[in-house]
Amino acid sequence: MLKRSHTAVLTLAFACATVTAQQLSPIHQPTLTPQNSGTTNGLISVWPVNPQVVWACGRNGTFTVTTDGGQTWTANVVPGAETLQFRDVQAFSADVAYLMSIGANPTDFRIYKTTDGGATWTVQFENQNPSAFYDGFAFWTPLRGIAHSDSVNGVFPDLRTTDGTTWQDISSNMPPALPGEASFASSGTCVTTQGGRNAWIATGGSTIARVLATRDGGDTWNAYDTPLISSPSAGAFTVAFRDPFHGIVGGGDLDPNDPNNARTATSSDGGQTWILTNAPPVTGAIFGLSYVGHTGAGAGDNLGPRSGDHG
């Protein structure tokens, strides 16, 4: 589908279009310092555990990790994944990390885990659904997380782990999908968690761009409309929440003939309603959103202790 042909765009835009969603703060231009990733393979997704430990992943089964704040990176290839592309990574330490892969075949959608810093990897999930397309995953703790796929025949074949080892189908928990509803991987930022039970998923591909939300760890979900444009090439691409109530969603249109739809919208009620912000000064789409601050203090949201749990 369309997302398969826009990998380079997703990678570049994620690096360039991360948005700090503090509406009243002045615009801040960060200072960027190039670092040697240890690989020439394209990198797609990145996950900071803390200021010292950061993981990244990308093409040709490649992952790389730093434990000294980026002064040095150690890159390697996951055995058996040499032809795959890693679309998402989430890590919890220098030892424990998860990777999500895609490829040319349905079984190439996999979830890998390491507990020894990448020395060895275990395949925890290998897709068998010929029409599924897994976009990303997110975790509340090292043992609890969800994985999200485009819809198949009106159903989202999403997954959940509660033990960090096995993954269960939670498609029956998900809201019915709109015709053609899907997500844009956006380096894994189409799905996000917060606190101990809250999660949100950004969708597009249909007539309405929506946010799917859970307050109970994935047992039940609701779908809420956003004001972002939506079509087979457009929708909500990326979502982030800084607490149970305040979040931001971004997206746009991948169609080069309609480049002026990059938009963000904010919510103050946990994603139930959304208000468009001023249009960001970019074309195409917003591919990566993240709140800045307190990195690594909490597993579920990267923003501090889970005292703000809701639900």
To the nearest 0.5 angstrom, please state how far the [atom1] atom of [X] sits from the [atom2] atom of [Y].
X: I275; Y: T226; atom1: CD1; atom2: OG1; result: 12.5 Å
X: N105; Y: N127; atom1: CG; atom2: CG; result: 10.5 Å
X: D253; Y: T283; atom1: CG; atom2: OG1; result: 11.0 Å
X: R59; Y: T83; atom1: CZ; atom2: OG1; result: 14.0 Å
X: L178; Y: D225; atom1: CG; atom2: CG; result: 8.0 Å
X: D169; Y: D158; atom1: CG; atom2: CG; result: 8.5 Å

Residue pair [X] / [Y]: nearest heavy atoms and the distance that separates them:
X: I201; Y: M174; result: CD1-CE, 4.2 Å
X: V155; Y: P157; result: O-CD, 3.2 Å
X: S230; Y: A209; result: CB-N, 3.4 Å
X: P244; Y: N198; result: CB-ND2, 3.7 Å
X: C190; Y: V239; result: O-CG1, 3.7 Å

- request: Show the numbers, then the answer: is there a side chain to side chain contact (heavy atoms under 4.5 Å, CB included) between S267 and V249?
  value: CA-CA 8 Å; S267 176; V249 65; over 6 Å; no

Using a 3.5 Å distance criterion without hydrogens, assess whether the side chain of [X] forms a donor-acceptor pair with backbone atoms of [Y].
X: R197; Y: W140; result: no
X: D216; Y: D219; result: yes
X: N222; Y: L212; result: no
X: K113; Y: W121; result: no
X: D88; Y: M100; result: no
X: S206; Y: P179; result: yes
X: T277; Y: T264; result: yes
X: D258; Y: N261; result: no
X: S183; Y: D150; result: no
X: W47; Y: A91; result: yes

field: Lys/Arg-Asp/Glu bridge criterion (N-O < 4.0 Å) met for D108, R110
entry: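 Judged by the 4.0 Å cut-off on N to carboxylate O distance, D108 and R110 do form a salt bridge.
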
- request: Kindly determine whether T74 and T64 satisfy side chain to side chain contact (heavy atoms under 4.5 Å, CB included), including the steps that lead there.
  value: CA-CA 5 Å; T74 301; T64 186; 5.5 Å; no

Is there side-chain contact between [X] and [Y], with at least one heavy-atom pair below 4.5 Å?
X: L276; Y: L228; answer: yes
X: D95; Y: T115; answer: no
X: C57; Y: I44; answer: no
X: N36; Y: W73; answer: no
X: R144; Y: T161; answer: no
X: S101; Y: F86; answer: yes
X: I146; Y: V191; answer: yes
X: F287; Y: L254; answer: yes

List for me each residue that meets side chain to side chain contact (heavy atoms under 4.5 Å, CB included) alongside [X], sequence neighbours excluded, and say none if there are none.
X: T120; value: D116
X: S37; value: T39, L43
X: Q128; value: T107, E126

Tell me whether [X] shares a hydrophobic cluster with [Y], the cluster being built from Ile, Leu, Val, Met, Phe, Trp, Tyr side chains joined at under 4.5 Å.
X: I102; Y: F137; answer: yes
X: I286; Y: Y291; answer: yes
X: V89; Y: V123; answer: yes
X: V282; Y: L289; answer: yes
X: I111; Y: F92; answer: yes

field: Ring centre gap for Y98 and Y112 strictly below 6.0 Å
entry: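 No; Y112 has its ring centre 6.0 Å or more from that of Y98.
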
- prompt: Under 6.0 Å from the CG atom of D68, do we count more than 12 heavy atoms belonging to anything else shown?
  reply: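 It does: D68 CG has more than 12 such atoms within range.
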
message: Under the ring-ring contact (aromatic ring centres under 6.0 Å, His included) definition, can you give me all pairs with a residue in residues 191-234, not counting sequence neighbours?
response: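 Every pair satisfying ring-ring contact (aromatic ring centres under 6.0 Å, His included) with a residue in residues 191-234: W200-F241.
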
message: Please list all pairs meeting ring-ring contact (aromatic ring centres under 6.0 Å, His included) that have one or both residues in residues 147-182, counting only residues at least two apart or in different chains.
response: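 For residues 147-182: F139-W167, H148-F156.
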
- request: With ring pair (Phe, Tyr, Trp, His ring centres under 6.0 Å) as the test, would you mind laying out the steps for F125 and Y134 before giving the verdict?
  value: CA-CA 11 Å; F125 168 75; Y134 285 90; 5.4 Å; yes

query: Which pairs pass salt bridge (charged side-chain N to carboxylate O under 4.0 Å, His left out) with one or both residues in residues 178-190, sequence neighbours excluded?
result: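 Every salt bridge (charged side-chain N to carboxylate O under 4.0 Å, His left out) pair that includes a residue of residues 178-190, provided the two are not neighbours, is E181-R210.
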
query: Does the side chain of S45 come under 3.5 Å of the side chain of S187 through a donor N or O and an acceptor N or O?
result: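 Per modelled atom types, S45 and S187 side chains form no pair under 3.5 Å.
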
query: Is there a donor-acceptor contact under 3.5 Å linking the side chains of T122 and Q124?
result: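 Per modelled atom types, T122 and Q124 side chains form no pair under 3.5 Å.
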
query: Does the side chain to side chain contact (heavy atoms under 4.5 Å, CB included) test come out yes or no for W55 and F63, once each step is laid out?
result: CA-CA 7 Å; W55 290 71; F63 71 92; 3.8 Å; yes

Steps toward side chain to side chain donor-acceptor pair (under 3.5 Å) verdict (N41, T62): CA-CA 7 Å; N41 289 317; T62 300; 2.8 Å; yes

message: Set out, in order, the CA-CA distance, both residues' side-chain angles and the distance that settles side chain to side chain donor-acceptor pair (under 3.5 Å) for T192 and Q194, then state yes or no.
response: CA-CA 7 Å; T192 189; Q194 184 280 324; over 6 Å; no

- request: Could you walk me through whether V211 and W274 pass side chain to side chain contact (heavy atoms under 4.5 Å, CB included), step by step?
  value: CA-CA 10 Å; V211 167; W274 296 88; 3.7 Å; yes

